[in-house]
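Okay, structure first, notes after.
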Amino acid sequence: MKITYSWIKELLDIKVSPQALADKLSMAGLSVELLEKSGDDWVYHIEVTSNRPDWLSVNGIVREIAAITGAELRNSAYGKGQRAKGKKILCSKPHALCKLSISIEDSKDCAFYYGNVIAGVKVGPSPQWLAKRLEALGLRSVNNVVDITNYCLMETGQPLHAFDLDKIVSQLAGEPVNQLKIIVRRAKKDEKIMTIDGVERILNENILVIAGVYDKTGQPANRQTGKPIAVAGIMGGAGTEVSGKTTNILLESAYFDPVVVRRGSRILGVASDSSYRFERGVDVSTVRRAIDRATEMTKEIAGGAFVCAEQAGKAPAQAPRKIHFCLSEALDTLGMEMTASQAKNIFEKLGFSVGYRGGKDSFLVSVPTTRRDIKIQEDLSEELVRVWGYDKIPLTAPAIKPFALDVPPVGTLEARAKGLLVNMGLKEVITYSLTGDEDYKKTAMELGANLLELENPLTRDLRILRPTLIPSLLNCVSFNVNHNNKDLEFFEIARVFGAEGTSKGPETLSLGIVLCGEKRSTWQKESKRYTLFDIRGMIEALLEEAKVKNYEIKKTESMPFAQKNTGCEIIAGKDTLAVFCMVNNDVKRAWGIKGKEDVYVAEVSLELLAHRADLKKSFSRIVSIPSIIRDVSVLAGQDAPYSRIKALIESKADGLIRSVSLADIYQGQEVPAGQLGLTITIEYGCASKTLTDEEVNSVHQKVLGSLTGELSLKIR
Amino acid sequence: MPIDYSHIADEAKLQIEAVADKAALEELRIKYLGRKGVVAEFMARIPTLPADERKAYGSGLNDLKNKIGVCLAAKEAQLAAIVSSAPDGYIDVTLPGKKPLLGRFHPLTQVESEICDIFRRLGFKIFDGPEVETEYHNFEALNIPLEHPSRDAFDTFYIKLAGEPVSRLAGSTGKLLLRSHTSPAQIRAMKAAKPPVAIIMPGRVYRPDSVDASHCFMFHQVEGIAVDAKIRFSDLKGILIAFAQEMFGQKTKLRFRPSFFPFTEPSAEVDISCFLCRGQGCSVCKKSGWIEVLGCGMMHPHVLKSGGYDPKKWRGFAFGMGVERIAMLKFGINDIRLFFENDLRFLEQF
């Protein structure tokens with residue numbers, strides 16, 4: 001809503017400067033977004049909250065300024081419109097246009113409708129003051145008649161419309177008029193209208209229209225339904241627009257249902273100054289006042305004669321809403337003090353009338369019809385403090401008491417995992433949860449059946465709630481590689497949606513990791529290429545932190561983006577806790593990840609991991625009894641991979657093992673193809689005593705024996 | 001009679017200084033100070049001496065032990081230095097240090113954690129609500145009726161359902177959507193705890209806004225509520241000033257302006273005094289000296305009721321803020337898109 005300083009001054013005897021007034025308005029809830037100098041005037045751009053349709057007019061804002069500043073209202077030249085006398089032919093000779101009838105199909109859609117006919121207007125440019133005033137508010141001056149309806153809309157907040165009366169007729173019959181009928185009704189499906197912005201609109205049953213019907217003597221033309229001449233409360237039709245040739249006009253002022261107008265405006269994708277106000281609810285008592293005002297102005301500025309006023313429906317008698325208000329309760333909630341007479345004074349300045357009911361603490365407040373937003377005690381509290389000043393409320397410290405609120409395990413795990421991954425040197429990324437088909441195509445993925453899609457996406461690229469983090473992470477790699485950063489380590493923890501195999505609801509928490517290129521070092525030669533075992537190690541560190549032990553790592557073909565033989569899954573019980581792999585070249589190419597850098601990705605279901613995690617920290621005694629180290633070198637292959645060797649060593653050592661770890665891997669001339677030379681370090685020890693050499697040798701021999709026996713390994 | 005050990009000390013010193021490696025040094029340590037070493041040998045004689053001589057004899061021995069110890073330590077340090085230096089003894093100390101590869105939290109996570117931590121210290125607990133919400137929780141429960149202009153502030157993404165998953169969301173009736181604010185978490189948090197409560201709800205939210213320098217369809221909010229029998233608006237002001245001074249500096253001032261949110265009554269928008277120009281007026285605060293950072297108010301009785309709290313017995317205050325906005329202000333970032341591009345050169349700055 002825009003308003004000018006000069007307009008305010010014309011209506012109100014105020015002494016404050018334009019800037020000071022802007023501050024006052026902002027502090028009273030009429031947030032001034034911009035105060036703009038325009039010639040010798042100032043324009044206020046005010047953001048009006050949706051609960052205050054009464055502020056969508058100059059009169060409403062001026063009323064508020066009077067309340068908050070105590071300034072007196074002036075009687076301006078156009079102060080109060082005089083009641084136009086209806087059904088009285090005021091032109092010199094009796095006019096056929098006086099026969100106007102209006103019918104409303106459903107009073108729920110339109111409670112009442114006024115139509116005033118003015119004959120013999122001279123349409124032309126507006127007087128300068130009018131054009132200037134509208135232009136200051138950002139409205140284009142069209143012609144005097146249209147400008148007057150816009151002026152009255154701005155002044156009173158009631159949207160008005162002017163039809164070219166002769167076109168309502170000729171549109172249907174092209175014949176002279178002797179009786180005119182206006183119907184307010186719902187549109188038929190696929191009915192069409194060209195609106196004044198030159199767009200043909202296709203209507204449906206949810207949209208309310210004004211239809212015009214011409215009755216030629218003896219030959220009723222479509223009398224029941226007529227033809228749409230305006231989209232009610234939203235926009236007029238081009239066919240009945242007031243132009244330079246117009247001589248007779250029909251002025252419209254009505255009360256259209258807020259929900260119907262809102263729905264229509266949404267369906268058509270058209271919002272206008274009119275629809276904006278109807279949606280928020282216009283003041284019932286202003287509907288008449290506005291049309292009278294516009295009629296008077298038209299006669300004065302565009303000439304012509306007021307022929308007749310017709311109406312359909314009746315403005316409901318609206319009694320002021322009465323609210324019981326307990327002042328002590330209000331002040332206790334606000335934490336401030338105020339006397340009963342101060343409170344009463346504020347209410348009265350706002351136009352509420354106040355009576356005491358049994359004691360000065362209990363008020364009965366009557367709220368004027370312009371303030372439909374005031375319904376309960378709390379609404380009145382806000383009015384008090386709004387005018388009194390929020391700055392007068394003191395600062396107090398609340399006593400926040402202890403209370404119980406369960407934190408789901410996944411919440412704790414999320415925080416722990418984030419810290420752990422950052423400690424590993426990974427950078428956290430945040431990517432969009434919304435994705436498109438192209439993302440999955442590039443990742444060679446088929447979309448699953450549980451997919452969640454948006455009904456109203458911004459674009460097709462953002463229509464899918466992602467079931468996996470991996471495409472988003474590849475996107476991050478692509479962006480950075482193409483900005484010449486080829487060495488990357490990223491992770492994201494975010495919700496994924498409709499993922500397979502989750503029962504917790506449509507969203508679950510997921511961790512994604514991507515590694516690309518090398519782990520950078522300041523001394524560049526010491527940078528090391530990331531490998532599959534780096535990403536695996538990161539997940540294993542997380543599993544260790546969560547004290548999850550019973551899991552298996554298996555090869556899987558489930559990842560279509562995986563390089564052959566690199567896809568792995570981590571399984572615990574029935575759950576696949578995580579997957580990881582090296583990304584294949586086709587997918588890298590599809591994502592525009594150029595260069596020779598290897599890319600590794602992993603995804604961990606934190607939801608599933610949380611069920612198995614033990615995040616309590618506890619201390620286990622540090623063993624000071626020395627341990628004894630033995631190394632063993634073997635050739636491992638397909639039939640006896642490291643995991644089997646390790647498991648076998650652990651099972652054969654009579655509980656005398658502290659740890660089994662990988663010391664070295666070698667592939668040289670002496671190692672046959674398809675095999676790997678492994679050096680494994682076994683740490684023997686016992687919690688209760690120091691093992692003797694004999695004891696260690698005996699168990700070590702047993703271990704070696706089983707390696708050569710059960711796994712047929714060659715010990716080197 | 002005191003014994004002169006100085007010749008032993010001198011001899012040890014010469015031998016130690018002549019040593020060239022750690023192993024030889026260790027041999028000498030054992031020779032002099034070991035369990036069966038020279039010093040130990042002399043020590044063993046103490047019990048055989050007359051009582052009045054033992055003291056002088058002993059202190060002389062201790063002196064010897066210390067002298068040898070100092071020599072050994074000095075030599076050890078010398079040897080250690082040689083080992084870590086280049087063979088020719090030249091060290092270029094201007095070579096760059098080997099910086100460890102550092103991980104980083106995303107700047108939005110950093111700001112969100114900072115906000116949450118401050119409130120945690122004030123006695124609040126954290127609660128996570130779902131991103132896929134029901135229309136009821138996002139709107140009706142929060143006093144935002146269907147087909148009402150108050151919904152205009154909350155343009156929302158709706159979810160198309162191919163069928164099945166509706167029933168999987170607790171309390172699901174009607175349409176599913178991506179929450180357009182964190183406020184629906186208020187309702188879920190109230191249902192998860194008995195009053196009095198003080199709860200912080202951070203998270204991602206979504207609105208169908210086209211992306212530009214200051215808008216994005218996905219962003220982050222932090223929401224808070226405190227409910228107690230006699231909690232007041234003045235308490236809300238107290239909590240928010242405590243928060244703002246921790247977050248933006250001890251000299252921060254707050255300004256409360258009347259506003260409208262369907263779920264609070266009275267409602268206010270809160271400005272902080274501009275921490276960049278200290279109220280002098282700059283481009284960030286649009287020359288006003290104030291920056292809008294959050295919205296707040298007393299919880300509407302309708303909302304308390306939706307959460308299962310009797311509004312006749314309980315009152316509450318609520319507040320909410322945008323994480324991106326605060327991060328942009330704090331770090332001087334001028335384009336919201338930078339947060340989601342995840343450029344390494346951006347991420348490594350925080």
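Letters A, B, ... are given to chains in the order of the sequence lines, protein chains preceding strands, and every chain is numbered from 1.
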Step-by-step side-chain contact (heavy atoms from CB on, under 4.5 Å) determination, Ile400(A) to Leu122(B): CA-CA 8 Å; Ile400(A) 302 235; Leu122(B) 293 167; 5.7 Å; no
task: Show your working on side-chain contact (heavy atoms from CB on, under 4.5 Å) between Cys216(B) and Tyr432(A) and close with a plain yes or no.
output: CA-CA 10 Å; Cys216(B) 188; Tyr432(A) 296 140; 3.5 Å; yes
- request: Would you check, one step at a time, whether the test side-chain contact (heavy atoms from CB on, under 4.5 Å) holds for Phe490(A) with Leu347(B)?
  value: CA-CA 10 Å; Phe490(A) 289 147; Leu347(B) 297 172; 3.8 Å; yes
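Residue-environment remark: NZ (Lys486(A)) exceeds the threshold of 12 foreign heavy atoms within 6.0 Å. Surrounding NZ of Lys194(B) are at most 12 heavy atoms belonging to other residues, nucleotides or ligands under 6.0 Å away. Atom CG of Asp406(A) has 12 or fewer heavy atoms from other residues, nucleotides or ligands within 6.0 Å. At most 12 non-hydrogen atoms from other residues, nucleotides or ligands lie less than 6.0 angstrom from NZ of Lys287(B).
In terms of modelled atom types and a separation under 3.5 Å, the side chain of Trp523(A) and the main chain of Leu95(B) share no donor-acceptor contact. Remark: the backbone N or O of Lys99(B) is paired with a side-chain donor or acceptor of Thr522(A) at under 3.5 angstrom. Listed for the Asn342(B) side chain is no donor-acceptor partner under 3.5 Å among the backbone atoms of Val429(A). Side-chain atoms of Lys401(A) do not come within 3.5 Å of backbone N or O of Gly123(B) as any donor-acceptor pair. Between the side chain of Lys160(B) and the main chain of Asn456(A), no donor-acceptor pair closer than 3.5 Å is present. Proximity of a side-chain donor or acceptor of Glu507(A) to a complementary backbone N or O of Glu131(B) within less than 3.5 Å is detected.
Annotation: cation-pi pair Lys418(A)/Phe105(B) absent, no NZ/CZ under 6.0 Å from the ring centroid and within 45° of its normal.
With values rounded to the nearest 0.5 angstrom, Leu458(A) atom CG is found 13.0 Å from Tyr206(B) atom OH. Distance NE2/His106(B) to CD1/Ile493(A): 13.5 Å, rounded to 0.5 Å. Remark: Glu269(B) CD to Thr49(A) OG1 distance equals 9.5 Å, nearest 0.5 Å. Atoms CZ and OG1, on Phe339(B) and Thr431(A) in that order, are 15.0 Å from each other to the nearest 0.5 Å. If you take CD1 on Ile393(A) and CZ on Phe233(B), they are separated by 4.5 Å, rounding to the nearest 0.5 Å. How far CD of Glu382(A) is from OG of Ser267(B): 5.0 Å, rounded to the nearest 0.5 Å.
Of the two parts of Pro408(A), neither the backbone nor the side chain holds a non-hydrogen atom closer than 4.5 Å to a non-hydrogen atom of chain B. Residue Glu47(A) does not touch chain B at all, counting heavy-atom pairs closer than 4.5 Å. Heavy atoms closer than 4.5 Å to chain A are found nowhere in Leu146(B), neither backbone nor side chain. Contacts of Lys230(B) with chain A are made by side-chain atoms alone, with heavy-atom separations under 4.5 Å and no backbone atom involved. With a threshold of 4.5 angstrom between heavy atoms, Leu102(B) approaches chain A through N, CA, C or O but not through any side-chain atom. The contact between Phe479(A) and chain B is made entirely by side chain atoms (from C-beta outward), counting heavy-atom distances below 4.5 Å. When heavy atoms are compared at a cutoff of 4.5 Å, Arg280(A) approaches chain B by way of both its backbone and its side chain. Both the backbone and the side chain of Thr333(A) come within contact range of chain B, with heavy atoms under 4.5 Å apart. For a residue to count as touching a neighbouring chain, one of its non-hydrogen atoms must lie under 4.5 Å from one of that chain's; by this rule Ser210(B) touches chain A with backbone and side chain alike. For a residue to count as touching a neighbouring chain, one of its non-hydrogen atoms must lie under 4.5 Å from one of that chain's; by this rule Asp487(A) touches chain B with the backbone only. Contacts of Asp271(B) with chain A are absent, with no heavy-atom separation under 4.5 Å from either backbone or side chain. At a 4.5 Å heavy-atom cutoff, Glu383(A) makes no contact with chain B through either its backbone or its side chain. For chain A, no part of Phe261(B) is nearby; none of its heavy atoms comes within less than 4.5 Å. Of the atoms belonging to Leu462(A), it is side-chain heavy atoms, and not backbone ones, that fall under 4.5 Å from chain B. Both the backbone and the side chain of Leu395(A) come within contact range of chain B, with heavy atoms under 4.5 Å apart. Contact annotation for Tyr276(A): neither backbone nor side-chain heavy atoms come within less than 4.5 Å of a heavy atom of chain B. Contacts of Pro262(B) with chain A are absent, with no heavy-atom separation under 4.5 Å from either backbone or side chain. With a 4.5 Å cut-off on non-hydrogen atoms, Glu414(A) touches chain B through its side chain but not through its backbone. Of the two parts of Asp228(B), only the side chain, counted from C-beta on, holds a non-hydrogen atom closer than 4.5 Å to a non-hydrogen atom of chain A. With a 4.5 angstrom heavy-atom cutoff, Leu384(A) does not touch chain B via any of its atoms. Both the backbone and the side chain of Phe157(B) come within contact range of chain A, each with at least one heavy atom under 4.5 Å from a heavy atom of that chain. Contact annotation for Arg52(A): neither backbone nor side-chain heavy atoms come within less than 4.5 Å of a heavy atom of chain B. For Leu380(A), no part lies under 4.5 angstrom from a heavy atom of chain B.
Between chain A and the residues Ile241(B), Ile231(B), Leu178(B), the largest count of heavy-atom pairs under 4.5 Å involves Leu178(B). Ranked by heavy-atom pairs under 4.5 Å with chain B, the list Ser433(A), Gly389(A), Pro53(A) is led by Ser433(A). Residue with the most contacts toward chain B among Met336(A), Arg386(A), Met424(A), Arg463(A): Arg386(A) (heavy-atom pairs, distance under 4.5 Å). Comparing Asn423(A), Val385(A), Leu434(A) by how many heavy-atom pairs each has under 4.5 Å with chain B, the most go to Leu434(A). Ranked by heavy-atom pairs under 4.5 Å with chain B, the first of Leu488(A), Ile430(A), Leu426(A) is Ile430(A). Options Pro398(A), Ser50(A), Gly335(A), Gly29(A) differ in how many heavy-atom pairs under 4.5 Å they form with chain B, and the most are formed by Pro398(A).
When side chains are defined from C-beta on, Asp373(A) does not count as touching Phe260(B), because their heavy atoms never get closer than 4.5 Å. Phe403(A) places none of its side-chain heavy atoms less than 4.5 Å from the side chain of Pro195(B). Put simply, the side chain of Asn485(A) reaches to within 4.5 Å of the side chain of Arg345(B), judged on heavy atoms.
A salt bridge links Arg495(A) with Asp128(B): at least one charged nitrogen is closer than 4.0 Å to a carboxylate oxygen. We find that Glu329(A) and Arg315(B) are joined by a salt bridge, their nearest charged nitrogen and carboxylate oxygen being less than 4.0 Å apart. With respect to Arg232(B) and Asp332(A), no salt bridge is recorded, no charged nitrogen being found less than 4.0 Å from a carboxylate O. With respect to Arg520(A) and Glu348(B), a salt bridge is recorded, a charged nitrogen being found less than 4.0 Å from a carboxylate O. A salt bridge links Glu526(A) to Lys98(B): one of the charged nitrogens lies within less than 4.0 Å of a carboxylate oxygen.
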